[in-house]
Visitor: 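Here's a structure for you.
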There are 2 protein chains.
Amino acid sequence: MSIIVQKYGGTSVGDIEKIKNIAKKVVKTKRQGNKMVIVVSAMGKTTNQLVNMAHEITENPSEREMDVLLSTGEQITIALLAMAIENLGENVISLTGAQAGIITDSRHKKARIEEINTERLNCELNNNKIVIVAGFQGITKEGNISTLGRGGSDTSAVALACALKADMCEIYTDVPGVFTTDPRKVKTAKLMNEISYDEMLELAKLGAKVLHPRSVELARKYNLVLYVKSTFEEGKGTKVAGVNKMEKVLVRGVTIDENIARISVVDVPDHPGVAFNLFSHLAKNNIGIDMIIQNLDHNGKNDISFTVSTDDLNNAKNIANEFLQSVNGNTVIVKDDVCKLSIVGTGITGSAEVASKLFEILYKAGVNIEMISTSEIKISCLIDKKLGLEALNAVHEAFELGL
Amino acid sequence: MSIIVQKYGGTSVGDIEKIKNIAKKVVKTKRQGNKMVIVVSAMGKTTNQLVNMAHEITENPSEREMDVLLSTGEQITIALLAMAIENLGENVISLTGAQAGIITDSRHKKARIEEINTERLNCELNNNKIVIVAGFQGITKEGNISTLGRGGSDTSAVALACALKADMCEIYTDVPGVFTTDPRKVKTAKLMNEISYDEMLELAKLGAKVLHPRSVELARKYNLVLYVKSTFEEGKGTKVAGVNKMEKVLVRGVTIDENIARISVVDVPDHPGVAFNLFSHLAKNNIGIDMIIQNLDHNGKNDISFTVSTDDLNNAKNIANEFLQSVNGNTVIVKDDVCKLSIVGTGITGSAEVASKLFEILYKAGVNIEMISTSEIKISCLIDKKLGLEALNAVHEAFELGL
């Protein structure tokens, strides 16, 4: 008897009818002789409504109390889905994150799962029950409710599948799987049958919203095979697994991230440890930085430029200004009319051909490259936001990703 | 330093502005040098909205899953109230029923509190925090979320006050305290300064909705002094305590209960155990019966009449019919155009004068009495529903309760 973990996101459980439909899907798979664990998010707009209530009270609610508030969203969904499944005649039980044994650290609103105590989960599964688990949430060792932050429900599902040694983990969403690029932006975008963890991780980090990077990292670590599928259509979806079978095709996907801004700190003294000072302050404030460029070109002074998510822009700007004063720098320049175009594929950096082809395509499209960063399997270029869509289509076509 | 437990009901936390006002009240009392535990209900219509969602899925949701669903209502309130208090600069922490150590039996939707593990509560109080607890809910020994049923939040507050050996327990509601009768029905209704547990218990059982009987029973058992006060107006409210200082005044209050119906089982054989058989079936189905009359007047056959809450009428009728068939009785008659008028006061049954005066008032008002029941401190009469309001006013006036 296989253990299958399925995750349904906010749009998949958006209303009562959708919850009833998911109940049917779940029961069908159960009756094929499987043990089922279902992870769900809060219904559609519930989380936003809760956030708005909190903001009617205070601009800065404490993170602990926000977690108490937000975790009710998933708790409502688990109860309703359990009722819908009961109504179809199957044994079922709903569990909050705490009841499902999901233990996290105590960083509220962005907690990390430390361990999963599977005792109760296994007990309920062995009692032939379908287990519905509230995604996005857990409990700290001190007994406080925590939430996992962005991508939390994906992460809950993958972590549960790993802990239960599940045979399959399916992430259901509102699109049929992982595409070579955003199908809303490029008409010829193509559904991928299979993608490696590393490629998926880069695509996810670069703005492909279908899976959260945290969940992909966790799946890679435990070598858990993921399937990304549509809640609303039949289809095989995209398999995310370790081995990339298509060695020949180097470039697998292209993404664009518009939630990005560049910060430049101008005329910083060129002393050892100066850059470290800036970036450690950013890290302490949980601000992820992405591309970094340091120019050394004028009288022992540097310019340091880096990109951050627009969500973190205000915090990052303040930190950059504090840093500027502490080192007697000149000025901080923020540029937010930029976007980041990236190509992803195993072995990309081993192939000088791919990089030069990318730069050539952008040059021919009249797109200037402001910053470049590379990893094992991706090349990212910071470009003018106005030219993003045109560049995305040009790159997708030139690398023949739609074929 | 005194420990004060305060409870705010659904109308008191009906919207964000009301929650902010409660935060101010709480902080004021805290700054007078008290340790504070605040018990809250779900906001206004939240519970109804959740129930409606469940009923969109199924007519008969399981009680366990209903508890998972409903308990989110109070959880939302505790988080929002905690945020509002934080915003006023006080240390505060919200706790669900489970986190507050409220352990119940596993009768979902009508669980009874078995014990309260005060370790965490005391720890937070000693850390100088205002503790906000979700009323109406607890956790079973098996780790399932339970709710306490009607009057649950009052019961949570009283149980917490008893467990913490609180110096004061204040129940805040939308009226200024306990009245001699319903002020919406009798203009001269008067606020009582003080009332004994036994009298309050009878008033509560008889339809005075200001306090739930379960909470009064618990307070009496632990000799905990309760105060019933208005959330919206200043005032001393009503003190509920053991000793009735006003011995002279026998009749303290008069109530009317319109949610009542009479069921008569006609021509039942007069064998030992027959009535027991009927009432034990009703008890097994958690149907509370109130007045009982058994007439023995025709050829060895009885008529058994009893009253039940209209909420239980359908169930009770079915059980009465099953019973009728099992004993070859004649018929079951249901009468629901009745109401129960009751007078309450310590020592009432010791005074023949009070009973005869009551019957005289009703006679003069042209009200026929269908059934009578008495306890140590109350006399109840089942009368025609149409005459209820008139009778209530006549009795309130004749016993000079408004003076």
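Chain A is the first sequence line, chain B the second, and so forth, proteins listed ahead of strands; every chain is numbered from 1. What you see is a predicted model, and the numbers here were worked out from it, not measured in a lab.
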Visitor: Using a cut-off of under 4.5 Å for heavy-atom pairs, which of B:M83, B:K20, B:Q99, B:M53 has the most such pairs with chain A?
Guide: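 Most heavy-atom pairs within the cutoff with chain A belong to B:M83.
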
Visitor: Heavy-atom distance under 4.5 Å to chain A: side chain of B:I145, backbone, both or neither?
Guide: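 B:I145 touches chain A through backbone and side-chain heavy atoms alike.
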
Visitor: Is there side-chain contact between B:R107 and B:S146, with at least one heavy-atom pair below 4.5 Å?
Guide: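 No. Closest side-chain heavy atoms not under 4.5 Å.
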
Visitor: Give the intermediate values and the outcome of side-chain contact (heavy atoms from CB on, under 4.5 Å) for residues B:L121 and B:L160.
Guide: CA-CA 9 Å; B:L121 285 164; B:L160 285 167; 3.5 Å; yes

Visitor: Select one option (side chain, backbone, both, neither) describing which atoms of B:E56 are under 4.5 Å from chain A's heavy atoms.
Guide: both

Visitor: Will you find, in the side chains of B:K35 and B:N122, an N or O donor that is under 3.5 Å from an N or O acceptor?
Guide: no

Visitor: Heavy atoms only, distances under 4.5 angstrom: which of B:I78, B:V92, B:I76 has the most pairs with chain A? Name it, please.
Guide: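 Going by pairs under 4.5 Å, I would pick B:I76.
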
Visitor: Please classify the contact between B:L50 and chain A as side chain, backbone, both or neither, with a heavy-atom cut-off of under 4.5 Å.
Guide: side chain

Visitor: Under a 4.5 Å heavy-atom cut-off, does chain B meet the side chain of A:I132, its backbone, both or neither?
Guide: neither

Visitor: Report yes or no: do B:T147 and B:E74 form a side-chain donor-acceptor pair below 3.5 Å?
Guide: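 No, B:E74 and B:T147 have no side-chain donor paired with an acceptor closer than 3.5 Å.
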
Visitor: Between B:E17 and chain A, which part of the residue has a heavy atom less than 4.5 Å away: side chain, backbone, both or neither?
Guide: neither

Visitor: B:T96 versus chain A, heavy atoms under 4.5 Å apart: side chain, backbone, both or neither?
Guide: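 Just its side chain gets close to chain A.
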
Visitor: Answer with side chain, backbone, both or neither: which region of A:D67 has an atom nearer than 4.5 Å to a non-hydrogen atom of chain B?
Guide: neither

